[in-house]
Trainee: 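Take this structure first; my questions come after.
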Amino acid sequence: MPDALSDEAAAALPCPGLTAWQALAKLPRLHGEALLITGAGSSVGRFAVQLALQQGARVFASASPRHHPWLKQIGVQGVADYRDPDWLAALQVANGNEPFEGIIDLVSSQQAESLLPALGYYGHMVTVLGRIPHNPLPAFAHCHSLHEIALGAQHAFGTDKQWSRLVAAGVAMMEQMASGELTLPPLMVGNFEALPTLLERFKREGQGEKFLVRVA
């Protein structure tokens, strides 16, 4: 952990940051390719967008309007409000009506499945909140690849080599955070006794913040 990084910032990294890193690691081609990220204003989404831009992807995103200025400022090519019924069509137009090479869905497996037609031939769908159990598209047609991300599963199934890669990724991301190359969402820090209140606030009025509790 870099000396310049606060304990709070370091604690805010692993779950969203490494989930985003795993999601991008599923995509074999990023540089110059069109990548759609839904839920881009979430903690995972913020990391995914920044990491994808670093790798040269042409990023398109759905998010609440309050996140649009930041997304546009850092270089996202198309941004849409997910509450707009035509949000996907708007992003497809922004991409020149070309299909997306990859989609990282941070909303639900149901939404992810509905987005499959927006992928091009040999496209990749990465889901974090649930997975698509069966590819609904015919075999030997679009040849889409479906990927699921479950960071916690590494505790039960990850090998030493995979843990080494994940740790190295986390160290590199902390260094980028310390240098300002990666930015965090606003942090909301409270004592452990306030956890129920913080959880209720997150469910009721989450604004893209990262909630943390002190346990000692």
Trainee: Does any donor atom in the side chain of Q54 or E181 lie under 3.5 Å from an acceptor atom in the other side chain?
Mentor: no
Trainee: Apply side chain to side chain contact (heavy atoms under 4.5 Å, CB included) to residues F100 and R58 and explain how you reach the verdict.
Mentor: CA-CA 10 Å; F100 297 104; R58 298 169 46 245; over 6 Å; no
Trainee: Let me see the working for R46 and W70 under side chain to side chain contact (heavy atoms under 4.5 Å, CB included), right down to the final yes or no.
Mentor: CA-CA 10 Å; R46 287 178 64 103; W70 176 77; 3.7 Å; yes
Trainee: Any idea how H124 and H147 line up, ring-wise: parallel (<30°), tilted (30 to 60°), or perpendicular (>60°)?
Mentor: parallel
Trainee: Provide the closest heavy-atom pair for V44 versus A20 in the form atom of the first, atom of the second, distance.
Mentor: O-CB, 3.7 Å
Trainee: Could you please spell out the steps behind the side chain to side chain contact (heavy atoms under 4.5 Å, CB included) verdict for L13 and F47?
Mentor: CA-CA 9 Å; L13 166 70; F47 277 112; 3.8 Å; yes
Trainee: Kindly indicate, with the supporting measurements, whether the criterion side chain to side chain contact (heavy atoms under 4.5 Å, CB included) is fulfilled by L18 and M173.
Mentor: CA-CA 9 Å; L18 294 176; M173 291 172 71; 4.2 Å; yes
Trainee: Can you tell me if Q50 uses its side chain to pair, donor with acceptor, with the backbone of T183 under 3.5 Å?
Mentor: yes
Trainee: Please round to the nearest 0.5 Å and tell me the distance separating atom CE of M174 and atom CG of L5.
Mentor: 7.0 Å
Trainee: Does L166 reach the side chain of Q22, with side-chain heavy atoms less than 4.5 Å apart?
Mentor: yes
Trainee: First locate atom CD of Q154, then atom CD1 of I149, and finally report the distance between them rounded to the nearest 0.5 Å.
Mentor: 11.0 Å
Trainee: For H67, is there any backbone N or O sitting under 3.5 Å from a side-chain donor or acceptor partner on S64?
Mentor: no
Trainee: Less than 4.5 Å apart, side chain to side chain, heavy atoms only: is that true for R201 and F211?
Mentor: yes
Trainee: Return the minimal non-hydrogen interatomic distance between A63 and L71, and the atom names on each side.
Mentor: CB-CD1, 3.8 Å
Trainee: Are any side-chain N or O atoms of T127 and backbone N or O atoms of L106, one a donor and one an acceptor, separated by less than 3.5 Å?
Mentor: no
Trainee: Name every donor-acceptor pair, under 3.5 Å, that has one atom in a side chain of residues 129-140 and the other anywhere in the protein, sequence neighbours excluded.
Mentor:
from	atom 1	to	atom 2	distance (Å)
R131	NH1	E148	OE2	2.7
N135	OD1	L137	N	3.0

Trainee: With rounding to the nearest 0.5 Å, note down the distance linking CG in N95 to CZ in F60.
Mentor: 4.0 Å
Trainee: Quick one: closest heavy-atom pair of L51 and G17, and the distance?
Mentor: CD1-O, 4.4 Å
Trainee: Do the side chains of L36 and M125 join up, straight or via other hydrophobic residues, at under 4.5 Å, putting them in one cluster?
Mentor: yes
Trainee: What's the shortest heavy-atom distance between P65 and R83, and which atoms?
Mentor: CD-NH2, 2.9 Å
Trainee: Any side-chain to backbone donor/acceptor pair from D7 onto A10? Under 3.5 Å, distance only.
Mentor: no
Trainee: First locate atom CG of L35, then atom CG of L53, and finally report the distance between them rounded to the nearest 0.5 Å.
Mentor: 9.0 Å
Trainee: CG of L182 to CD of E175: how many Å apart, nearest 0.5 Å?
Mentor: 11.0 Å
Trainee: Is it true that a side-chain atom of S164 and a backbone atom of K161 form a donor plus acceptor pair closer than 3.5 Å?
Mentor: no
Trainee: If I take atom CD1 from residue I103 and atom OG from residue S62, how far apart are they, to the nearest 0.5 angstrom?
Mentor: 10.0 Å
